[in-house]
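All figures in this text were calculated on a predicted structure; none of them were measured in a lab.
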Amino acid sequence: MIKWHNLRLLTKLMLMIISTVAITVGCLYLMTRHLNKDAIIETESSYLLNMGEDLANEPEIITTLENNQSSQTLTDFTHAYEDQYHLDYVVVINTDSIRLSHPDPDLINQPFAGGDEEKVFTGQSYVSTGIGTLGNSLRSFAPVIQNGQVIGAVVVGKTNHAIDIFSEKYDQQTTSALIVSIAIGVTVAIFVSYTIKKELFNMEPKEIAKAFEERSAMIAYSHDAIIVTNQYGEITLANKEALRHFPIPKKKNKTQLDKVISLPEMNGDHSAVFHYQDKEYLISQADILVQENLVGQIYIIRDTSEIYALLDQLHSTAEYAQLLQVQAHEFLNRLHVIYGLTDLEEYEALDQYLASLIKDEEDLTIRLSMLVKNPTIAGHLIGEHRILKQSLKDLRLEIHNEIPNTYEATTNQLWMETVAVIDKELRQLGQNSRLWLSLDFDTDRCQLITNYRLQGDVDHLYTWLSDYPWRTEQVTTELSMHDQQLNFSFRIDYPQGDAHEL
């Protein structure tokens, strides 16, 4: 047996709508039949009572009751009345309840059957249901009054069988209406079900729930700020990053996005750069369309400093890769030279060449590749060394011990930003200045130490280093100057380990 929760949404919708229509129409049908039955009885009762009262005033009937004797004329009159008004019987009785007319001639001058005629002789007109010689019937009693005296009564009636036949005609019409209503209800149910399913992109409830959870997870755990607005520009959804970067109220009433941030004019690809609280952000906008109708927009906002940091790291890595490529090429060249000198048996020249190689071990590329395990820092040092060498009289770079790699991308970014700020000022010193740059790793404190020792015209640099607003919670600095020699160093926390170790 198929369980309810295993049914498709379209099937559920159709079953629910059809069941609702069937139950509603079925109840209405039963109520209508019951009300029709009561209405027919009420209508027939009023009709029979009016017929009886009209007959009570007929001269033929009054004359017969005054003579207290049945006649063929009375019988013909009552039969004609029955045929004309579709009555089952018209019976005239005297005050002794003796029939003076009846559809069955054998029952004339016989006592009236039913026992419900007593009230009519008191002058009352009424309708009663009783069992007579023709079976169960609905009949009205109307007194015949002459000179203020009740001289008899007229009984007009229809059998229950005749009333049932009349009622069945209405029931057939009601049944036909029921069938048509159910057919229309089924058609509407199918149409509504398909329409709703189409509005839900033909997705099942489980698929909708899954898509909703996936969307919520994507928005909630995205590193970019995401803001969703409706077609009126009111914020309907904002993730944690958006709440962290921008003052979006958490109250239930909706807030206009342009009251939180000033939206820039979007370019052709629906993106733009804007500034907010001394930070630069890249914003991208996309329209949200439902059935080709615009229902809102989604804004993805990213801090551009993260993009620039990533570009710097990629550039540094590219520099380091190029360094390794050059080193590998140089290594192959040296092998060829060694092989050639050996093959020519030029051992004296070979000794001199090997001695020069040992001396060149102090070369920058060799030291970086062997001691700096962080490709981002190594690549950045290569790039900065190339630039500063053109601006300064003398530049020396020393690596005191091995610099391990780190799994914290923010650590690399902090070091690169700090070095970039300092190197920008170093380029202004001129050709008369000398720089000794060294890196050291404090294994006990897990800190990376960068030392600068400068000689030359460094007064301006000393003032600048003293006044610069360093991030004291992340960068620890030391500054001193003696005899035109400036010493500056900074430390940052440096958690070691590769990214794949996380």
Side-chain angles (χ1 to χ4, degrees), residues 312-313 315-317 319-324 326-327 330-331 355-406 411-412 414-458 461-462 465 470 475-496:
D312 288 342
Q313 293 183 26
H315 178 72
S316 298
T317 304
E319 292 274 3
Y320 188 65
Q322 186 178 5
L323 165 65
L324 295 178
V326 171
Q327 183 180 352
E330 182 68 21
F331 179 73
S356 66
L357 290 182
I358 296 173
K359 183 178 181 180
D360 288 345
E361 283 296 322
E362 300 297 324
D363 184 74
L364 173 64
T365 58
I366 302 298
R367 284 176 286 147
L368 286 178
S369 62
M370 295 183 62
L371 294 177
V372 180
K373 305 302 181 182
N374 188 330
T376 302
I377 292 180
H380 191 79
L381 286 173
I382 294 170
E384 291 298 321
H385 182 271
R386 185 182 301 114
I387 295 173
L388 290 176
K389 196 171 183 180
Q390 299 174 0
S391 303
L392 302 177
K393 180 179 181 180
D394 187 18
L395 173 60
R396 296 183 184 180
L397 176 60
E398 298 178 358
I399 311 297
H400 291 161
N401 56 4
E402 183 178 295
I403 308 299
N405 200 357
T406 179
T411 299
N412 289 334
L414 176 61
W415 183 87
M416 291 171 61
E417 289 178 353
T418 306
V419 170
V421 169
I422 298 173
D423 290 352
K424 183 178 179 181
E425 293 296 320
L426 292 178
R427 297 188 196 113
Q428 311 299 326
L429 293 179
Q431 293 292 336
N432 295 325
S433 300
R434 297 179 178 181
L435 170 63
W436 288 266
L437 174 61
S438 64
L439 264 67
D440 190 10
F441 180 67
D442 188 341
T443 55
D444 295 331
R445 299 182 180 180
C446 284
Q447 289 183 332
L448 179 62
I449 307 171
T450 306
N451 300 296
Y452 291 87
R453 182 160 59 92
L454 296 107
Q455 289 181 348
D457 187 10
V458 293
L461 180 62
Y462 178 83
L465 290 172
W470 303 103
V475 179
T476 303
T477 61
E478 293 182 7
L479 176 64
S480 64
M481 189 171 71
H482 181 70
D483 294 336
Q484 293 300 311
Q485 178 172 301
L486 185 148
N487 294 292
F488 175 77
S489 67
F490 70 89
R491 292 170 172 257
I492 61 170
D493 292 332
Y494 191 87
Q496 55 182 319

Heavy-atom side-chain proximity of D493 to T411 below 4.5 angstrom:
no
Validation row: L486, R453 side chains within 4.5 angstrom (heavy atoms):
no
For the CG atom of L371 and the CD atom of E398, what is their distance to the nearest 0.5 Å?
11.5 Å
Return each pair, listed once, that meets salt bridge (Lys or Arg N to Asp or Glu O under 4.0 Å) where at least one residue sits in residues 476-485; pairs must be two or more places apart or across chains.
none
What residues form a side chain to side chain donor-acceptor pair (under 3.5 Å) with Q455, not counting sequence neighbours?
Q485
Contact check, side chains of R427 and E425, non-hydrogen atoms, under 4.5 Å
no
Will you find, in the side chains of Y494 and N374, an N or O donor that is under 3.5 Å from an N or O acceptor?
yes
Nearest heavy-atom approach of G456 to S433 is CA-OG, 4.3 Å
Between I399 and V372, does a side-chain contact (heavy atoms from CB on, under 4.5 Å) hold up when you go through it step by step?
CA-CA 8 Å; I399 311 297; V372 180; 4.1 Å; yes
How long is the gap from CG on L439 to CD1 on I377, to the nearest 0.5 Å?
7.0 Å
Quick one: are M416 and T376 in side-chain contact, heavy atoms under 4.5 Å?
yes
So, do L454 and L426 sit near enough that their side-chain heavy atoms are less than 4.5 Å apart?
yes
Can you tell me how far the CG atom of D442 sits from the CZ atom of R491, to the nearest 0.5 Å?
5.0 Å
Worked verdict on F488 versus W470 for ring pair (Phe, Tyr, Trp, His ring centres under 6.0 Å)
CA-CA 13 Å; F488 175 77; W470 303 103; 5.6 Å; yes
If we only count heavy atoms from C-beta on, is the L479 to N487 side-chain gap below 4.5 Å?
no
Side chains of N401 and D440, donor plus acceptor under 3.5 Å
yes
In sequence, state the C-alpha distance, the side-chain angles, and the governing distance for V419 and V421, and then conclude on side-chain contact (heavy atoms from CB on, under 4.5 Å).
CA-CA 5 Å; V419 170; V421 169; over 6 Å; no
Full working for side-chain contact (heavy atoms from CB on, under 4.5 Å) between D423 and Y452:
CA-CA 10 Å; D423 290 352; Y452 291 87; 3.7 Å; yes
List the residues meeting side chain to side chain donor-acceptor pair (under 3.5 Å) with Q484, not counting sequence neighbours, and say none if there are none.
none
I449 versus F490: any side-chain heavy-atom pair under 4.5 Å?
no
If you round to the nearest 0.5 Å, how far is CE of M481 from CG of L461?
9.5 Å
For L437 and T450, run side-chain contact (heavy atoms from CB on, under 4.5 Å): C-alpha distance rounded to whole Å, both residues' side-chain angles, the deciding distance at 0.1 Å, then the answer.
CA-CA 7 Å; L437 174 61; T450 306; 3.8 Å; yes
Inter-residue atom distance I492.CD1 - T476.OG1, 0.5 Å rounding:
10.0 Å
Output the distance between atom CG (L381) and atom CH2 (W415), rounded to the nearest 0.5 Å.
4.0 Å
